[in-house]
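Structure, as structure tokens:
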Amino acid sequence: FSNLNRRMLAGATLKCTPLTEKFGLDEVQKVHGDSALPLMLLTKEGRIRFSCKEEPLKPVPGDTLVSLLDQNSEDSSWDPQPPLSSHDPA
């Protein structure tokens with residue numbers, strides 16, 4: 001958890017990425033490299049699947065990937081969803 005804490009303090013953000021036939025986990029890794037840390041999937045069936053060594057994520061089109069992205073990792077030409085906010089706007 002110290003790695004996650006360090007990255008968050010350095011400005012990393014959470015990003016939700018809807019996955020499609022043409023844009024999956026491999027493409028996320030190509031765009032962001034090692035700075036993209038997949039944390040969980042929100043499946044198209046409404047389930048949450050957390051990433052762990054014992055059971056790697058197996059995303060399919062229609063799922064949404066939630067990743068931790070380092071501040072300098074984002075390609076400005078790619079932004080399917082804005083970062084998750086840590087505050088309630090209401």
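Within 6.0 Å of CG on Asn3 lie more than 12 heavy atoms contributed by other residues, nucleotides or ligands.
Distance check, rounded to the nearest 0.5 Å: CG of Leu4 to CG of Leu37 gives 6.0 Å. Taking OG from Ser51 and CG from Leu41, the interatomic distance works out to 8.5 Å, rounded to the nearest 0.5 Å. Atom-to-atom distance recorded for Leu39:CG and Cys16:SG is 10.0 Å, nearest 0.5 angstrom.
Judged purely by atom type and a 3.5 angstrom limit, Thr20 uses its side chain to pair as donor or acceptor with the backbone of Lys22.
By the 4.5 Å heavy-atom criterion applied to side chains, Leu57 and Phe50 are not counted as neighbours. Two residues are said to be in side-chain contact when any heavy atoms from C-beta on lie closer than 4.5 Å; Thr17 and Lys15 meet this criterion. Leu19 places none of its side-chain heavy atoms less than 4.5 Å from the side chain of Thr64. For the pair Pro38 and Gln29, the minimum side-chain heavy-atom distance is below 4.5 Å.
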Given Leu14 and Leu68, is the side-chain contact (heavy atoms from CB on, under 4.5 Å) satisfied, shown in steps?
CA-CA 5 Å; Leu14 294 175; Leu68 183 69; 4.0 Å; yes
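The two residues Lys53 and Pro56 make their nearest non-hydrogen contact at O-CD, 4.0 Å. In plain terms, the two heavy atoms of Pro61 and Glu21 that are nearest each other are CG-OE2, 3.5 Å.
A side-chain contact (heavy atoms from CB on, under 4.5 Å) with Asp63 is found for exactly one of Arg49, Met40, Lys44, namely Lys44.
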